[in-house]
Amino acid sequence: MSPVLVNQTPQWQALQRHWESMRGQHLRALFDADPKRAAAMSLAAAGLYLDYSKNLITQETLDLLIELAEAVDLRGWIDRMFAGEPINTTEGRAVLHIALRNRSTRPIQVEGEDVMPQVKGVLTRMETFVGRVRSGDWRGHTGERITDVVNIGIGGSNLGPKMVCTALAPYQSENLRVHFVSNIDGTHLVETLRGLNPARTLFIVASKTFSTQETLTNAGSARDWLLTALVDSSSVARHFVAVSTNAEKVAAFGIDPANMFEFWDWVGGRYSLWSAIGLPIALAVGFDRFIELLEGAHAMDEHFRSAELRENMPVLLGLIGIWHTNFAGARTHSILPYDQSLRYFPAYLQQLDMESNGKGVTREGLAVQYATGPVVWGEPGTDGQHAFYQLIHQGTQLIPADFIGAVHSHHELGDHHLKLMANFFAQTEALMRGRTYDEALNELLAAGMDEERARWLAQHRTFPGNRPTNTLLMERLTPHTLGALIALYEHRIFTQGVVWGINSFDQWGVELGKQLANVILAEIQSGKVTSNHDASTHALLERFIRQRRA
Ligand code: F6P
C-alpha cells in the first residue's frame, strides 16, 4: 500500500471542516458559555500544571485531534521509541534519551542489548569526577584547585547544559564557576578566558562526533592558551576532559581517553543534556541535583508513556500546536518564560524544535503538503512585553504562546515576584479577552473625552483578543520541575513529528552549509576563488580577500 500523507486522511479533513466552524468563534464566548471550561481543560503531571483552556478549541476539537493522533498511530510510535526501535530511520538509530533518565529498574534494549548498565556506568564515573572536582581533590597541573570550568561545544553540546546551568543558578556552588564557549568567532573564547587563571581552569570539550569545526577550533585555541601559561604539554591531562561518542578522535586531539565520558549514537545531540553532555550541569549544581533533573524528566516520560492520549500533557500540547499550525494558519510559536533563570529556554527550544521538525519530506520520502515545524522564538517576560507583545496583541499574525511561570521565586525580593506574576496572568487574560470597541469607547467617554475623538481613538484601543496561549505553572523552578519541563517539550515535538509523518531525529539540512564552508575556507585561506560560485558569492569572496590583503 502506498503511504498516505496525513492531510489526505479523513481525520485531517474532518479537522479542516471543524476549523471552518470554529474560526468565527471567540474565546470570550466559549468561556461565558461554559463555567467549567478551565477545569475541563487543565491537568497536572510531573510537578507541572497546564491550563490549555485559552486556545480556540472545544471538546469536539480535542476529540478530532485525538482521532488524528490515533490515525497516525501515535501510541505505537511512543511504544517504539521506548522499546529502542531504530525510529531514526535515515541514520538507522534508536532514539533513547529516555534511557539516560530511566530511574526505574526496567531494562531498555537496543538490538537485543540492555543499555542501562552502560548508562549507569557513565553516571558513576561522572559522580566520581564531579565529587573530586567539587571537593578540590582533582587539582590542576600546578596543584591549584579548579575554580572555573569552560565547556566548549556547540548546538546540542552547548545549548542544553548552558540553559540548565543558568536555570539552576540558585543551586550553584560559589566555588566553581561554569562558562560556555560555542561560537567559532574568536571573540567568544577570548572574552570568556579573559580574567581566568589557566592553572585553575578545566576545559570540557563536548562534541558527539568530535569533528565539529567550531568546537575543535575553540578547543585547539584553548589548549594553546593553557600551554602558553603552563608550558608543559602533560598539563593537558589535568585541564582537559572530553565528552563524546568518538574515542578515536578524542585521543587524536590529545585528550587521554581515561578523561573521556562516553555517550552513544542513540542519543541525538539536541536530546543529550541528560548524558555526559550534562557534565557541566553536574559540576555546577552537584551530582545529586543532576540526578533530580533526570528524575523530573523520568516522571514526565512515565506520564507520556502511560497516560491516555486525552490526559497526556505532551500529547495535548503537541496536538494543540498542530491545530494552530495546520488549521488556524499560525507560522510561529512563542515561548515566554516569566522567570529570568529560564532566559535561555527559548534559544534552547529553537534547536530542539526547529532542528527536529524543520523537515519537508516524510519518513517515506514524500514531499509534505502541509506546514511542519513553526518558527520558535521568545524572551522572558516582562522584557518581551516592552518589546514585541504589541504585535501579538494587535498585529495581523496569529501567534500562539506558551507562558511559563512559578508560584515561588528563588529570590523573593520585596514584591517583585508578585508583580512579575501579575503580569504573567494579566497578559494571558488580555490576549484571550481583548477589549471590544464599546469597552474602549466607554472607557474614553468615562474619562471625559469628547465623543468624536473618543470614537476615533477607540478604534486604535480595540484589541481583537482570541489570541491563544497555554499557561504552565510550577511550584518552583527546581532541578525536578526543570527536568519535567524539558521532557514535556521533547515529547511535544515528538508528537508533532509523528503527526506530520517526518523523522524528527536527523538534521541533514545543516550539512550543505558546512560542506560549502569548507570549500570557501580553502579559498579564502589561499586568497584564490577557484570553485564555481554564483555571481553574488563570487564577488563577495573576492571583495573579502582584497580587503583582507589591503
Ligand atoms: O548543528 C548540527 C549539529 O550536528 C547538531 O545537531 C549538534 O547538536 C551540533 O551540530 C554539534 O555536534 P557535535 O556535538 O557532534 O559537536
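Whatever order the structure lists them in is the order used to number ligands and atoms, beginning at 1.
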Check: every ligand 1 N/O to protein N/O pair under 3.5 Å:
{"from": "ligand 1", "atom 1": "1 (O)", "to": "E355", "atom 2": "OE2", "distance (Å)": "3.3"}
{"from": "ligand 1", "atom 1": "6 (O)", "to": "E355", "atom 2": "OE1", "distance (Å)": "2.6"}
{"from": "ligand 1", "atom 1": "8 (O)", "to": "G156", "atom 2": "N", "distance (Å)": "2.7"}
{"from": "ligand 1", "atom 1": "8 (O)", "to": "Q351", "atom 2": "NE2", "distance (Å)": "3.2"}
{"from": "ligand 1", "atom 1": "14 (O)", "to": "S157", "atom 2": "OG", "distance (Å)": "2.6"}
{"from": "ligand 1", "atom 1": "14 (O)", "to": "K208", "atom 2": "N", "distance (Å)": "2.8"}
{"from": "ligand 1", "atom 1": "15 (O)", "to": "S207", "atom 2": "OG", "distance (Å)": "3.4"}
{"from": "ligand 1", "atom 1": "15 (O)", "to": "K208", "atom 2": "N", "distance (Å)": "3.3"}
{"from": "ligand 1", "atom 1": "15 (O)", "to": "T209", "atom 2": "N", "distance (Å)": "2.9"}
{"from": "ligand 1", "atom 1": "15 (O)", "to": "T209", "atom 2": "OG1", "distance (Å)": "2.6"}
{"from": "ligand 1", "atom 1": "15 (O)", "to": "T212", "atom 2": "OG1", "distance (Å)": "3.4"}
{"from": "ligand 1", "atom 1": "16 (O)", "to": "S207", "atom 2": "OG", "distance (Å)": "2.6"}
{"from": "ligand 1", "atom 1": "16 (O)", "to": "T212", "atom 2": "OG1", "distance (Å)": "2.5"}

Salt bridge (charged side-chain N to carboxylate O under 4.0 Å, His left out) involving E292 - partner list, sequence neighbours excluded: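 For E292 the salt bridge (charged side-chain N to carboxylate O under 4.0 Å, His left out) partners, ignoring immediate neighbours, are R289.
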Residues in salt bridge (charged side-chain N to carboxylate O under 4.0 Å, His left out) with E144, at least two apart?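 Salt bridge (charged side-chain N to carboxylate O under 4.0 Å, His left out) list for E144, sorted by chain: R200.
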Indicate every side-chain donor-acceptor pair of residues 479-486 with a distance under 3.5 Å to a residue at least two apart or in another chain.
{"from": "T481", "atom 1": "OG1", "to": "R476", "atom 2": "O", "distance (Å)": "2.8"}
{"from": "T481", "atom 1": "OG1", "to": "T478", "atom 2": "N", "distance (Å)": "2.8"}
{"from": "T481", "atom 1": "OG1", "to": "T478", "atom 2": "O", "distance (Å)": "3.3"}
{"from": "T481", "atom 1": "OG1", "to": "T478", "atom 2": "OG1", "distance (Å)": "3.1"}

Charged tip of R125 within 45° of F261 ring normal and under 6.0 Å: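 Pair R125/F261 counts as cation-pi.
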So with a 6.0 Å cut-off around CZ of R548, is the heavy-atom count from everything else above 12?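 No.
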I'd like to know if K208 pairs up with D265 as an ion pair, taking the criterion as any Lys NZ or Arg NE/NH1/NH2 lying under 4.0 Å from an Asp or Glu carboxylate oxygen.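 Here K208 does not pair with D265 in a salt bridge, since their nearest N and O are not under 4.0 Å apart.
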